[in-house]
Every structure is written in C-alpha cells, then in structure tokens.
There are 4 protein chains.
Amino acid sequence: MPRRTRNRILHEALKIFSNKGIRETTIKDIARAVGITEGAIYRHFDSKEQIVKSLFLNSSQEFYTHLNSALSKAQNFEEALKNLSEAFLNYAFTNPEAFKFINLFHYFKIDYELRLKDGKMPKDVVYEFFKSHEEIGIQPEYATALFIGTLERIFLFYEMGFIDDIEEDIQEKAYRLLLNIFKSNKEGA
Amino acid sequence: MPRRTRNRILHEALKIFSNKGIRETTIKDIARAVGITEGAIYRHFDSKEQIVKSLFLNSSQEFYTHLNSALSKAQNFEEALKNLSEAFLNYAFTNPEAFKFINLFHYFKIDYELRLKDGKMPKDVVYEFFKSHEEIGIQPEYATALFIGTLERIFLFYEMGFIDDIEEDIQEKAYRLLLNIFKSNKEGA
Amino acid sequence: MPRRTRNRILHEALKIFSNKGIRETTIKDIARAVGITEGAIYRHFDSKEQIVKSLFLNSSQEFYTHLNSALSKAQNFEEALKNLSEAFLNYAFTNPEAFKFINLFHYFKIDYELRLKDGKMPKDVVYEFFKSHEEIGIQPEYATALFIGTLERIFLFYEMGFIDDIEEDIQEKAYRLLLNIFKSNKEGA
Amino acid sequence: MPRRTRNRILHEALKIFSNKGIRETTIKDIARAVGITEGAIYRHFDSKEQIVKSLFLNSSQEFYTHLNSALSKAQNFEEALKNLSEAFLNYAFTNPEAFKFINLFHYFKIDYELRLKDGKMPKDVVYEFFKSHEEIGIQPEYATALFIGTLERIFLFYEMGFIDDIEEDIQEKAYRLLLNIFKSNKEGA
DNA sequence: CATGAATGAGTATTCATTCAT
DNA sequence: GATGAATGAATACTCATTCAT
C-alpha cells in the first residue's frame, strides 16, 4: 500500500499496463485509478514514457535482485537450481503484473535504451549460473533459453487455465522437471 | 510477391504489426507500405480489426498445418520429436513476422474469440503429441510448456543476437537437447 | 415498375432519401438497391446533388399537377375544396416518400435554387385558389397555411400512429373539418 | 450570452443545427463558432449525439413548460386558446432555432428514444387541452393537427417572407382565425 | 500539490467521385 | 453501359501534454 502519490501512480500504472497493454492505457486511466486528475500525473512524471521506463527499470531490478539473492543462498548446484526456479515462479505468481510487463519488452522493441547500462537483466542471472556450470554439457545460452522459456510458458499456461495445479505444486513439479534434465545431462557427461 | 492488393495488404500489415505492435501500426503505415491510400484499404477490409483477425487466423492455421504435417510423416517417437522441433524452428526462421505475430496474443487478451473454433491452435499439435506419449513420465502440459517455451526462447535469443549460431546448427542443437531430455526421461521411467 | 436504369435509380433513391434523409443516404445505398455498382450511377447522373434535384423537381411537378387537375375538375367552391383536400391527402398516402421528401426542403435551405423558376410549387395551387375566393374573409396566405399545415400534420399524425383512422375516414374527416371552417367564415362574412 | 463553455457549445450548436441540419453540421463548425478547438468539445460532451440529445430535451422541455404555463393562466376556453396560440408563436419567434430544431425530429427518425419518458412533448399540452373540450365537436387529434399545423406553417411562411406581417399582427390574426374556427364549431354543436 | 479546461496532432473510418478495363 | 479498385478530402473522436487558477 504505497502512500506517496508517485508510488501510487507506478503501482496502478503497472496493473493497467499489464492488463491492457501500454499503448491502450491512457493517462486518464491511470489518473482515475489513483484518484487524481490527469494534470496531477505530470507533477510526478514528465511523460507517459517516463512512467513506462521507471516501471521497467524498477521491475527488472527487483526481479534481478530477487533471483540473485535466491541464487546466492545456495550451497550447491541442486540447491541453486531449486532456489532459482522457485524464485522465478514465485516472482511471477506474486507479481504477475510486473512479470508480464517485463516480458512485453521481448516482443516490442519499444525502447532498446531501456536495457540497464550494466546489463543487470534478470536473464543474466540465469545465464551466469549456467555459464559457471558448463559441466552439465549444455551450452549456457541454450540452457538459459530452456530454463526461462519453460518456466515462463508454465506460468502462462497456469494463467490461461491450461495447467490447473496449485502454485505450490507447479513450483515443485517445475523444479523436478528441470532437475531431471540438468542432472541427467550432468551425469551423462 | 503477392500480386493482389488484398494479399499485399496482409503481407505488409504482418510485417509492420510484428515489428511495431498492432496498436502502434496505423492504417496509414500499411497503406504507405502497400503503395495505396488509406481509403483503398477499406475496399478490401472492413476494419483494422478484420485485418488483424485474418492475419491471426491465417498464420495460426498455417503454423498448425505445418506442424501437423511434419508430425504425421514420422514413424516413431524420436523421428516425431525431430520433425516437430525442426518444423517449429523452421517456421519461425522462415516466417519470423507471422511467428512473432501469433505470439503477441499470449500477452494481450486482444480478442479471445480469435481462437479457432475447433481448437486448431499450434500448441495443440504439440500437446496431443505428448499426451499420446505419457510413457516419458512428464505431464503433457509441462512437456508442452517445455517444448514450446524452449524453442520460442531460443528463437528470440537468436533474433536478439544472444545466440549466434547459424539456423541449421540451432535446429540441430535444439533437437538434440530435446531428445536428450525426453529420451532420458523415457528410459528413467 | 420503371424499367430503365435511370428511373430505377430515381425510384430507389426517393425511397431511401425519405426514410434515412438525404445526407445519410450514400451512393452505395442507392446502387445496392438498384442492383448495380456505384460507378454505374455516374453513367446516369453527374452527381448525388443532381439526383436530389431531379427528384425534387419531379416530385414537386407531379404533386403540383395532381393538385391542379383535381382543382380544375371542380364546379364550385365546395367541390374545389373537396377535390383539393382529397387530392392532397391522396398524394401523401400514395406517395409518402415523395411527399415527405418535398417537405424536407422546408426545413433545410439545401438549395434554394431548386424552386421551380416559374413558381410551380404545390403550395401555389392552394394559394391561388384561396386568392380567388377572398370572400371567405381569410387572408389567402393564412388560409393556405391553415390548409397545408393542417393536412400535412394530419398525415404525420397518421404516420406516427397518433391518428388511427383508416385513410378513407381521414380524407372524409379532413374535408368536413375544412369545409366547416371555410363555409362558416364565408357565411359569417 | 451564456458564459460557460458548455452552454456556449449548446447555444452555438443549436443555431447551426437549425440552419444547416444536424448531419451537415460538423464538430469543427461548432468548435469554430464557440472559439475553441474540436477536442475541447469532448471535455463537455461525450459525442455529437449527446449534444443533439441535450438540445432536444432542453428545447422540448422549455417549449412544453412555456405552453403549459400559458395555458394554466387562462380562466376560460377563449382565453386559453389565446394564451396557447400566442405562446406557441411567441416561442417560435423568440427561439426560432429551437423551434425549428424540435420540428426536425418529425421528419427524421434520428432517435426515437429521445421522447421524454413521461410524454412531456409540446404537442401533448395542446392535445390535452382539446381533449378536455370535446364540446367543440372536433376530434382532439384533428384539432391538435389543425392548431399546430396551422401555426407552424404560418411561422414558416413568415420566415420565408411569404407572409410579411409583423409578429404582433401575426399573433393577433392567428388567434382570431383559430377562435373563429373553434367558436363556430362550438356554437354549431 | 492538484484541478480541469484547452490544445493539437493524430487515428480509424466514410464517401462522393474518377477511371482503367 | 457496367465494374470495381482507387483517390482524397472530410469527419467524429482520442489522447498526451500544457497551463492558468
């Protein structure tokens, strides 16, 4: 429950953006959701684009940090995989709007400058992890694609009702699936 | 090089839609690309929405058929997996605009009626395939998420330059990756 | 049942104009009703305006002649009034589209040049009649307003269901009403 | 001279509508007349249709009230007829735009829901009046048609210069004309 | 800080008219 | 005579942004 108007704007904007899309969300929509008028938005942000950018940077940062801290707590490969996959889905389940919002940017080249200058994109956590475990015998780019693609699609299937397990089961099943894949590859190597 | 105006409209619209997004593409953009005036578009389509729908239905159908025919030519599980994964990436590489356009609809609830009435969505081919091979020990919904999510993400990584193999190598690597996963699961079972 | 295309165009245009209004009727509407294409209309008329003008001139002329010939058959004031009022309503009942179409022009200064050059407007028949019967003691302009206004409004009330007599009764009642008015004024004079 | 923008819009729109017709009046026309831009109109009204509806409801209500209060001040039939006919013409002379605008709706079925829910249409005042005086021997529907039709047409003839009396004289003559009609009928009965 | 009116540049869509076939 | 594709100007409406209060 953010108190300050600026945060309330970001909070509501994120919800509407992820539901309706960025372009189809108007400043008026956001203002109405926050309970202020259109003009007031411009006390806090210079433009709609700035709201979008703030949101993307915030969310990416948050997701990045979330993944990173989950990873850092792990003692071994198995635990790391567990922490990382659970953190990934946990973020998606807890912040579906932010999660979907971040993913919008893979399809729209809305603003490529948005990439954080020091490369702190969520996927980089995953990539670095697999890069430091080349012994599993999968090229880290492909491992990353497998990890992110699978989890993201599982989340989407969950959201559209195609997968109807409860969140905890999904996290458990997803972890086991990934573990099987990477363990067997590791052993097979 | 489609000759007829209607096809030229669809052709150009698809390209622009997949690059800029549907909402940010104007009728004027399309008209200019085709080399006619805005009004002329409306001799061929009643509305922008109709162009979007036509495109979605066409592309989905095409992709569905492409996957289906690849699958039907296979004699066994391994071959089926090979044909299916190659057909999937082949479609993405050959028709990147259509492929990206179809995927737009996972994020935007633009029009859920758009789903083909008899459920002939591309993902259903994959789902049915895994459903008839439950011996691999992976719940078909999760197997589908894994298959589609991984390949889609590989394609995206390729497009953004994060993966820089050539298309043939990607197809080969992707197939091997998937085969390893499903074979080992099959054997482990 | 006009055979020639030109007449069919006029025929259908009149119907649609009087129902939807001139501005809201498109060339396409007319073409569709006639069973030809838009371009073909322009083989017969230079513009939409020309169709409107032709229609107005034709209808006015027709109505004018209809009233005039009814009047000319009368032997005395009473008969003249009877013939004129019956002819007026008869025209409205038989050609409601044309009748309503003519009346559109009282409200819109769509094109004042449309008035027939030699003044052959339907109302002039009525006006001339009352002018030649000043003995009734009503200024002919007012008598004309009374005659036309009353009958037109009766027709409108009939059309909107506010008056629900059958057409014959309306003609009879209207005639008696007018006769009473003008006879008593005549006698009172 | 209304000060507030919303009222200025209604004021100017009424003038232009009654001159050019509703369909041929553009939002730009109205905006220009008010001295604002097109977009500004939409801060005050959701659509052109809403302007039309507001205007129709306002004008009808105003005219209805005008007639009703004139009628209620009368002590007897003669006075009532005098008050009603004078109020009718007075409204037309004073608010020619509103008067003509209201009458547009007899010819165009623009929106039949526009009729006030409790039936408070101007003509109803006249109708109720004649209904409570059936002793005059004229069916109230026909008396209403006579009253309204005659006065409306007199106004139109005045506007087009066909009747060139001054307004006061017209009111006087119209009243006498109607009085003669209804009095003689009353006596004749 | 906030309001709400206003701007101005779009945006999809309509439609009378033209013209090559 | 007729077709149907195309034009081009107009039209209602939208929306990010500005600004006086």
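By convention in this document, chain letters (A, B, ...) are assigned in the order of the sequence lines, proteins followed by strands, and residues within each chain are numbered from 1.
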Exercise for review: Tell me whether the OP1 or OP2 atom of F/dT14 has a side-chain N or O from A/Thr26 closer than 4.0 Å.
Suggested key: no
Practice item. Measure from CZ on D/Arg32 to C1' on E/dT7 and round the result to the nearest Å. Key: 16 Å
Practice item. Could you tell me whether a side-chain N or O of B/Ser59 sits under 3.5 Å from a main-chain N or O of B/Phe56, the two making a donor and an acceptor? Key: no
Practice item. Output yes when a side-chain donor or acceptor of A/Ser18 lies under 3.5 Å from a complementary backbone atom of A/Lys15, and no otherwise. Key: yes
Review point. To the nearest Å, how far apart are D/Phe45 CZ and F/dT14 P?
Key: 15 Å
Check your understanding: So among A/Phe99, A/Phe63, A/Tyr91, which one has a side-chain contact (heavy atoms from CB on, under 4.5 Å) with A/Pro122?
Key -> A/Phe63
Revision key, fill the gap. Picking from F/dC13, E/dA5, E/dA12, the nucleotide nearest the side-chain atoms of D/Ser47 would be F/dC13
Revision key, fill the gap. A/Glu24 atom CD is separated from E/dG10 atom P, nearest whole Å, by 19 Å
Revision key, fill the gap. Here the distance between atom P of E/dA12 and atom CD1 of B/Ile22, to the nearest Å, is 12 Å
Exercise for review: Would you indicate, yes or no, if F/dA2 has its OP1 or OP2 atom less than 4.0 angstrom from a side-chain nitrogen or oxygen of C/Thr5?
Suggested key: yes
Review point. Expressed in angstrom and rounded to an integer, what is the separation of A/Ile51 atom CD1 from F/dA16 atom P?
Key: 9 Å
Practice item. Please tell me if the side chains of C/Phe101 and C/Asn95 come closer than 4.5 Å, counting only heavy atoms from C-beta onward. Key: no
Review point. How do C/Ile27 and D/Ile36 order along DNA chain E: which one's closest nucleotide is nearer the 5' end?
Key: D/Ile36
Review point. Starting at the 5' end of DNA chain F, which residue's closest nucleotide do you reach first, B/Gly39 or D/Arg43?
Key: B/Gly39
Point to revise | Involving DNA chain F, stems made of at least three consecutive Watson-Crick or G-U pairs, both distances under 3.5 Å | key: E:2-21 with F:2-21
Check your understanding: Do the side chain of D/Asp29 and the main chain of D/Thr26 share a donor and acceptor less than 3.5 angstrom apart?
Key -> yes
Review point. Among the nucleotides F/dC13, E/dT3, F/dA16, which one has an atom lying closest to any side-chain atom of A/Ala40?
Key: E/dT3
Practice item. Starting from C1' on E/dA6, measure out to CD1 on D/Ile30 and report it in whole angstrom. Key: 17 Å
Check your understanding: How many Å lie between CD1 on A/Ile41 and P on F/dC15, as a whole number?
Key -> 15 Å
Point to revise | Spacing between C/Arg8 atom CZ and F/dG1 atom P, to the nearest angstrom | key: 12 Å
Check your understanding: If you find the nucleotide of DNA chain E closest to B/Glu38 and the one closest to D/Gly35, which residue's nucleotide is nearer the 5' end?
Key -> D/Gly35
Check your understanding: Nearest of E/dT17, F/dG8, E/dT7 to any side-chain atom of D/Thr37?
Key -> E/dT7
Revision key, fill the gap. Which of D/Leu14, D/Asp46, D/Ile9 passes side-chain contact (heavy atoms from CB on, under 4.5 Å) with D/Ile51? Answer is D/Ile9
Review point. OP1 or OP2 of F/dG4 less than 4.0 angstrom from a side-chain nitrogen or oxygen of B/His44, does that happen here?
Key: no
Review point. Are A/Arg23 and E/dT11 close enough that a side-chain N or O sits under 4.0 Å from OP1 or OP2?
Key: yes
Practice item. Could you walk me through whether D/Lys20 and D/Ile16 pass the side-chain contact (heavy atoms from CB on, under 4.5 Å) test, one step at a time? Key: CA-CA 6 Å; D/Lys20 305 211 304 182; D/Ile16 314 180; 3.9 Å; yes
Practice item. Could you tell me whether a side-chain N or O of C/Lys48 sits under 3.5 Å from a main-chain N or O of C/Thr25, the two making a donor and an acceptor? Key: yes
